[in-house]
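Both backbone and side-chain heavy atoms feed into the values below; hydrogens, waters and symmetry mates do not. Treat the numbers as computed from the prediction; the structure is a model and nothing was measured.
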Amino acid sequence: QIKDDLGLETGKKSRSELLFQDNTLTRLGAETFFSFKTGTRDLTLEKGSMLLQVPKGLGGARIHTGAVTAAITGTTIMMEYVPKEYIKVLVLEGSLRVSRNGLFGDSVVLHPGRMLIMKPDAKKIPEPVDVDLAHIVKSSTLVNFPDAAPLPSTGLINDAIANQQTQIATNNLAPTNLSLGHGTKVLVTPIVPTAVSPLAPSIAGTL
């Protein structure tokens with residue numbers, strides 16, 4: 001458990017799981033640098049990837065990365081930041097508000113299965129995209145952490161997946177041809193129609 005000021009950096013093949021005294025859970029991917037202020041949920045992702053799960057009813061947390069701030073309340077999210085290249089923010093369950101330089105007027109609210117991808121120096125927050133939540137949860141090393149218990153919010157994440165599948169079945173969710181390659185590149189791939197799920201693209205890499 002974490003009690004004091006902390007700045008933690010993981011190596012090329014290492015990952016870390018941090019449990020705060022209020023049961024806020026953070027999982028860090030390889031080559032990640034993360035820090036926070038004592039007695040707060042004011043977090044900074046300097047580089048790399050992380051999963052953050054804030055229990056319901058505990059109030060808010062903030063993650064700063066580049067020029068972007070994500071305000072979180074009772075939510076499970078994943079973020080990735082490669083300085084000078086891109087910022088990615090994805091909601092697994094719950095919701096969060098992402099703002100540029102803390103400005104409420106330039107912000108967007110993300111819900112489960114919605115992902116924001118932007119340049120760190122972008123002048124405006126772009127429109128989020130839909131991603132295949134079921135595939136992300138199945139394939140993500142941050143969700144399926146080696147030798148770790150399932151996330152406390154697993155039930156809520158499964159509910160979010162079921163809700164997305166319902167939207168797909170009723171044609172309320174359009175397919176997208178966005179995928180991520182090994183945590184460093186954003187790629188456009190052909191959409192392959194499928195009777196099971198039209199949300200064909202996958203999320204891979206560090207998230």
Side-chain angles (χ1 to χ4, degrees), residues 26-34 43-54 61-72 75-143 157 160-161 163-164 167-168 173-192 197-207:
T26 301
R27 290 178 175 178
L28 306 178
E31 296 185 279
T32 294
F33 182 41
F34 160 85
L43 318 171
T44 300
L45 179 62
E46 304 285 355
K47 67 172 184 177
S49 59
M50 69 181 294
L51 179 149
L52 180 69
Q53 192 260 317
V54 179
R62 290 182 180 272
I63 303 179
H64 308 278
T65 183
V68 165
T69 298
I72 304 164
T75 304
T76 307
I77 65 104
M78 291 194 289
M79 295 184 71
E80 185 176 11
Y81 175 41
V82 177
K84 299 181 180 181
E85 292 194 30
Y86 63 78
I87 298 168
K88 296 183 290 193
V89 186
L90 170 66
V91 175
L92 299 182
E93 60 88 14
S95 65
L96 66 83
R97 180 178 292 275
V98 180
S99 61
R100 190 176 62 85
N101 294 319
L103 299 176
F104 187 83
D106 188 6
S107 65
V108 64
V109 175
L110 298 181
H111 296 285
R114 297 284 278 171
M115 181 180 231
L116 178 68
I117 302 177
M118 62 182 287
K119 293 286 188 179
D121 60 352
K123 302 302 181 184
K124 186 178 180 180
I125 293 180
E127 184 70 19
V129 296
D130 294 308
V131 296
D132 189 333
L133 195 56
H135 180 81
I136 293 167
V137 170
K138 182 179 180 180
S139 62
S140 170
T141 55
L142 289 178
V143 175
I157 294 172
I161 291 172
N163 182 61
Q164 187 183 64
Q167 292 183 60
I168 292 171
L173 187 62
T176 174
N177 60 343
L178 178 71
S179 65
L180 304 185
H182 303 293
T184 57
K185 296 180 181 179
V186 179
L187 308 172
V188 175
T189 55
I191 294 179
V192 180
S197 171
L199 208 63
S202 64
I203 297 291
T206 57
L207 284 186

Close side-chain approach of L52 to M79, heavy-atom, < 4.5 Å = no
task = Taking all heavy atoms of D106 and all of K124, pick out the closest pair and write down the distance.
result = OD2-CA, 3.7 Å
query = Below 4.5 Å, heavy atoms only, C-beta onward: do L96 and V91 meet side chain to side chain?
reply = yes
ask   = Do R97 and S107 get their side chains close enough for a donor-acceptor pair, meaning under 3.5 Å?
value = yes
key: Test log, rule side-chain contact (heavy atoms from CB on, under 4.5 Å), inputs V89 and I87   = CA-CA 7 Å; V89 186; I87 298 168; 4.1 Å; yes
message = Measuring from atom CE of M115 to atom CG of L133, what distance do you get when rounded to the nearest 0.5 angstrom?
response = 10.5 Å
ask   = Would a 4.5 Å heavy-atom cut-off, applied to side chains only, mark L90 and I136 as touching?
value = yes
remark   = To the nearest 0.5 Å, atom CD of E46 lies from atom NE2 of H64 at 10.5 Å
message = Could you check whether any side-chain heavy atom of V129 comes within less than 4.5 Å of a side-chain heavy atom of E127, counting everything from C-beta outward?
response = no
message = Less than 4.5 Å apart, side chain to side chain, heavy atoms only: is that true for V137 and I157?
response = yes
inquiry  = So, taking the atom named CD in Q53 and the one named CE in M78, what distance separates them when rounded to the nearest 0.5 Å?
reply    = 13.0 Å
ask   = Backbone N or O of V131 within a donor-acceptor pair of the Q164 side chain at under 3.5 Å?
value = yes
Nearest-0.5 Å distance that lies between atom OH in Y81 and atom CD1 in I63 = 14.0 Å
ask   = Minimum heavy-atom separation for V108 to P128, with atom names?
value = CG2-CG, 3.7 Å
query = Step by step, would you call H111 with S95 a side chain to side chain donor-acceptor pair (under 3.5 Å)?
reply = CA-CA 5 Å; H111 296 285; S95 65; 4.5 Å; no
query = Which atom names give the shortest non-hydrogen contact between M50 and F34, and what distance separates them?
reply = CE-CE1, 3.7 Å
inquiry  = Between T32 (side chain only) and S49 (backbone N and O only), is there a donor and an acceptor less than 3.5 Å apart?
reply    = yes
Short side-chain to backbone donor-acceptor contact, R100 and A67, under 3.5 Å = no
query = Would a 4.5 Å heavy-atom cut-off, applied to side chains only, mark L116 and P126 as touching?
reply = yes
query = Can you check whether T76's main-chain N or O pairs, donor with acceptor, with E93's side chain at less than 3.5 Å?
reply = yes
request  = Taking the side chain as every heavy atom from C-beta outward, state whether T69 and V98 have any atom pair closer than 4.5 Å.
outcome  = no
ask   = Short question: side chain of S140, backbone of L142 - any donor-acceptor pair under 3.5 Å?
value = yes
task = Kindly indicate whether the side chain of L51, heavy atoms from C-beta on, has any atom under 4.5 Å from the side chain of I77.
result = no
